[in-house]
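Reviewing the structure listed below.
Not measured: the values here are computed from a predicted model. Basis for what follows: all heavy atoms, side chains included, without hydrogens, waters or symmetry-related copies. Per chain, numbering begins at 1; letters A, B, ... match sequence-line order.
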Protein chains: 2
Amino acid sequence: MLTKTGLHAIRAMTLLGRLAEGEYVGTPVIAKSIGAPPNYLGKLLQALARAGLVTSQKGAGGGFRLARPAESIRLLDIVEPIEHVSRWTNRGTDWSQCPEADPLFMNDRWNRIRDDYVHMLQSTSVADLITEGEPVPAAANSSERYTMP
Amino acid sequence: MLTKTGLHAIRAMTLLGRLAEGEYVGTPVIAKSIGAPPNYLGKLLQALARAGLVTSQKGAGGGFRLARPAESIRLLDIVEPIEHVSRWTNRGTDWSQCPEADPLFMNDRWNRIRDDYVHMLQSTSVADLITEGEPVPAAANSSERYTMP
DNA sequence: ATAAAAACAGACATCAACATGTGATTAGTG
DNA sequence: CACTAATCACATGTTGATGTCTGTTTTTAT
């Protein structure tokens, strides 16, 4: 569903979201904290910087921080430049060209699933992921299914 | 969402579902019909045969056909041996190990999406995809969004 | 001010998995 | 027996996911 790179990006952004105003944190620290390969994370953060999601400061005491307030950064913003989710919406395998499977039927089902997915990415901001230790109302099944994207 | 191989598989299976009892159709015909690379399709069909979804007949007039009635073959059956969807459910990146993002929050959202997706694959059978030209009630937006998985 | 250290930035390099193509081989059907 | 079609083995291109090394700034301490 989500690639590893996408997860790294989300995790890194969430961490950056907890920083105080004007504070920076370096790649090695982020990498260790979220359990991502430092080298790879470097490239990823650069990409996020190019995408305008984070800004960087060189030199000692420098590093990365969010370019905009955490509330205004949606998960889709992060994932899009990495995974090109929009391709699912814009173009792709056109079922209607395939007389074997009923196009409308399939499109209808797929569309609902995909739309839900994209909508989730759109409606969730980085700030939403930072619940800052607030005890979340326990989901009944939390022990059975910690799975993954 | 779905890999190309998975799509090829679903399309091929749907085509096979339209065959008459005891009829076989060969790889080249299937490939041409669904627009898939013949060579690759060959391998794929073998895999599906190993998975017990299709049976093959060698020699002239041979080919592939469904091993079970189309009603009893769910999309998940087809996709699973190819894409290992079950991995999403069984194991994977455990958000609870990552204190940066609230685990329950994420799990909850992801779980819902993933469950919906898997459920769709489970509740749709090959037979469902064969509407045999029956005019499907036109979805209002069918012209705007023929997209894809 | 100048040197040293701490970071970002970017160019290669590798490994696995997906997606395909080619050719030889073998097994049935007609 | 000849033809056809599955089966199998090997080869290639691409993309995702990483690692390594080499700059090149910029800050900080002397």
Rounded to the Å, how far apart are [X] [atom1] and [N] [atom2]?
X     : N      : atom1 : atom2 : answer
A/E83 : D/dT15 : CD    : P     : 15 Å
A/N39 : D/dT22 : CG    : C1'   : 13 Å
A/L44 : C/dG10 : CG    : C1'   : 15 Å
A/Y24 : D/dT26 : OH    : C1'   : 12 Å

> Would A/I78 and A/L75 satisfy side-chain contact (heavy atoms from CB on, under 4.5 Å), going step by step from the backbone distance to the final call?
Replying inline: CA-CA 5 Å; A/I78 303 173; A/L75 292 193; 4.3 Å; yes
Taking only the side-chain heavy atoms of [X] (C-beta and beyond), determine which of [options] contains the nearest atom.
X     : options                : value
B/P28 : D/dA6, D/dT27, C/dG10  : D/dA6
B/A60 : C/dG21, C/dG28, D/dG19 : C/dG28
B/Q57 : C/dT20, C/dT29, D/dT27 : C/dT29
B/Y40 : C/dT20, D/dT26, D/dC8  : C/dT20

> Pick the nucleotide of DNA chain D nearest each of A/P38 and B/T27; which residue has the one closer to the 5' end?
Replying inline: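 Result: B/T27.
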> Would you call A/R112 and A/D115 a salt bridge, taking side-chain N to carboxylate O under 4.0 Å as the test?
Replying inline: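 Result for this pair is no, no salt bridge flagged.
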Within the pair [X] and [N], is there a side-chain N or O less than 4.0 Å away from OP1 or OP2?
X     : N      : value
B/K4  : C/dT20 : yes
B/Q46 : D/dC8  : yes
A/S56 : C/dA7  : no

> Touch check for B/F64, heavy atoms < 4.0 angstrom, all strands: base, sugar-phosphate only, or nothing?
Replying inline: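 The answer is sugar-phosphate, as B/F64 gets under 4.0 Å only of primed atoms, P, OP1 or OP2.
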>> Do B/I10 and B/L2 have side chains that approach each other closer than 4.5 Å (heavy atoms only, starting at C-beta)?
In response: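 Heavy-atom side-chain distance check passes, below 4.5 Å.
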